[in-house]
Protein chains: 2
Amino acid sequence: MRFTAKMRPKCSECPIRHRAVCARCDDSELTTLEGIKAYRSFAAGDPILRRGDPLTYVASVVRGVATLNKTMEDGRTQMVGMLFPSDFIGRPGRAKIDFDVVAVTDVTLCCFQRKPFESLIETTPHIAQRLLEMSLDELDAARDWMVLLGRKTAREKIATFVEMLVRRQDIEGSAGTDGPLILPLTRDEIADYIGLTLETVSRQLNAMKKEGILRFTDRRRFEIADLAALHLATGDDSEDTLVY
Amino acid sequence: MRFTAKMRPKCSECPIRHRAVCARCDDSELTTLEGIKAYRSFAAGDPILRRGDPLTYVASVVRGVATLNKTMEDGRTQMVGMLFPSDFIGRPGRAKIDFDVVAVTDVTLCCFQRKPFESLIETTPHIAQRLLEMSLDELDAARDWMVLLGRKTAREKIATFVEMLVRRQDIEGSAGTDGPLILPLTRDEIADYIGLTLETVSRQLNAMKKEGILRFTDRRRFEIADLAALHLATGDDSEDTLVY
DNA sequence: CGCCGGTTTGACATACTTCAAGAGAAGTGG
DNA sequence: CCACTTCTCTTGAAGTATGTCAAACCGGCG
């Protein structure tokens, strides 16, 4: 678990300033946060937190992509979340988490010691409110994913996954807007996220390529050639995406 | 959407007093809540809230069981949650929900108008904190369910579902402790919860009956004849249940 | 150049679904 | 209280989407 020297960049210049837990904080609250925060970096593939480990800090993802993984005794694994910049890691009020957090690309975190952060929550309603809002958003996302896992076909799963990627990468601008999209996950990891095998993922991805829905420049880079067809393939209501 | 005259029983005598959103409230806060609350009853089968409806109130389940359902355009449905007494319905800060809430047994709710409740959250940290805690618990549960939906076999799904029922019904005491357990859901509804068809649910349930793990007195009432075997069939770590 | 992780592709296996028929319970109305 | 409908559940037989196993391919990197 390698990490760089602990730096404290100015919150005011932070790229996730307006979307992270601290989104609603005023200047004085930011100053308090700046006092207890520290950046940490992880290389692609590094574990960030392990299931059952004592949770000493909570954090915001500043850069990169991390995943939340649950593994059964016999090795079957299910990814239960992907974290993009501005997403929050850790659970105030509990000392352990029940899944592994892994950096799938190079990741930079903005970390807060758990204890001081917890007392901050009690005294700073702006943080508590934002955290509640973010948790409820995650809950909504988790429930959408339950529909995917329980009821969608392999093709619909892939289409939904790709559409989610587009939405999140667009918002982040994390990959240079409008350039080719990037698959941050291997076929195997995608399979673990949508409840399939890597072979089925590969076949469906190539099927969509042949149908002219996706255009790959490389095994990891691609563009959406036909956004309407992609959405149609998700099985979701046409309105669903427009709600936000 | 039928409901009885709006009564306001004393919070101090409320059966869910110590587990609901109001768990941490002091006497004066309870008094405020008593001012804006109203009981409503729903008969088994009644819709409580419909997807997309404007959300005028939020509520705690006082009695009975409700389910959260998502339905795709072609009719496939996935249940994304079961609500037992003390569970919370509705989302402060947003006017709509993205699923249907249905009473599967007779249900009594303790309702609060959304607007006054939202301002209460801002002024009453005890409520905001408890709500955050409950949301995070739900998120944990949703993630566990994602493992079930994405990676477990039909048999493991059934076993996990039954074990969950036991745990929740035990805690509630909602069905007279130690009496026979009750399936609040039809085979069809169970299927929608665990991502199977009703036929597969029926077959697996009868298989467990033949193996002597479950003992049915009736199609809806049963006892756990072999708790260890049940847990073994869930596919979960042996420690998992003891963590709480 | 040759290994090596990730990926593709094919052939085959199977858990679960689908379709279909019938059996119990549980209401409902005469 | 007894037909009659209706709903839920059970059980069987057949079909299929996806998993499993295995081999070959490809692009990067030492």
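Letters A, B, ... mirror the listed sequences (proteins, then strands); counts begin at 1.
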Peer 1: Regarding A:R155, tell me which of base, sugar-phosphate or nothing describes its non-hydrogen contacts under 4.0 Å with the strands shown.
Peer 2: nothing
Peer 1: With a 6.0 Å cut-off (strictly less than), is the heavy-atom count around CZ of A:R220, excluding the residue itself, greater than 12?
Peer 2: yes
Peer 1: With a strict under 4.0 Å distance from non-hydrogen atoms of chain A, what nucleotide opens and what nucleotide closes the contacted stretch of DNA chain C, reading 5' to 3'?
Peer 2: C:dG6 to C:dA11
Peer 1: Hey, does B:T200 reach any base, or is it just sugar-phosphate, or nothing, if we go heavy atoms under 4.0 Å?
Peer 2: base
Peer 1: Does a side-chain N-to-carboxylate-O contact under 4.0 Å join A:R91 and B:D137?
Peer 2: yes
Peer 1: So does B:R187 get a side-chain nitrogen or oxygen closer than 4.0 Å to the phosphate oxygens (OP1/OP2) of D:dC7?
Peer 2: no
Peer 1: Send over the distance from A:R151 CZ to D:dT18 C1', rounded to a whole Å.
Peer 2: 16 Å
Peer 1: Within the 3.5 Å criterion, strictly below it, is a donor on B:N69 or B:T67 matched to an acceptor on the partner's side chain?
Peer 2: yes
Peer 1: Quick check on salt bridge (Lys or Arg N to Asp or Glu O under 4.0 Å): which of B:K152, B:K157, B:R151 does B:D236 satisfy it with?
Peer 2: B:K152
Peer 1: How close or far is atom C1' of D:dT10 from atom CG of B:D188, stated in whole angstroms?
Peer 2: 14 Å
Peer 1: Distance check needed: D:dG19 C1' versus B:K152 NZ, whole Å only.
Peer 2: 19 Å
Peer 1: So how far is it from B:R221 CZ to B:R215 CZ, rounded to the nearest 0.5 Å?
Peer 2: 16.0 Å
Peer 1: Need to verify one output field. Residue with the more 5' nearest nucleotide on DNA chain D, A:L196 or B:V201?
Peer 2: B:V201
Peer 1: Pick from B:T77, B:D98, B:D192: which one makes a side-chain hydrogen bond (donor to acceptor under 3.5 Å, both in side chains) with B:K70?
Peer 2: B:D98
Peer 1: If we check side-chain contact (heavy atoms from CB on, under 4.5 Å) with B:F222, which of these qualifies: B:L183, B:T217, B:I182?
Peer 2: B:L183
Peer 1: Tell me the interatomic distance from A:R76, atom CZ, to D:dG19, atom C1', rounded to whole angstroms.
Peer 2: 13 Å
Peer 1: Would you give a per-nucleotide map of nucleotides 21-30 of chain D, 5' to 3', where B means the base has a protein non-hydrogen atom under 4.0 Å away, S means only the sugar-phosphate does, and - means neither?
Peer 2: B----S----
Peer 1: Does B:F99 have any ring-ring contact (aromatic ring centres under 6.0 Å, His included) partners at least two apart in sequence or in another chain, and if so, which?
Peer 2: none
Peer 1: Expressed as a whole number of angstroms, how long is the span from B:N206:CG to D:dC9:C1'?
Peer 2: 9 Å
Peer 1: Can you tell whether the side chains of B:R168 and B:E163 come within less than 4.0 Å, N to carboxylate O?
Peer 2: no
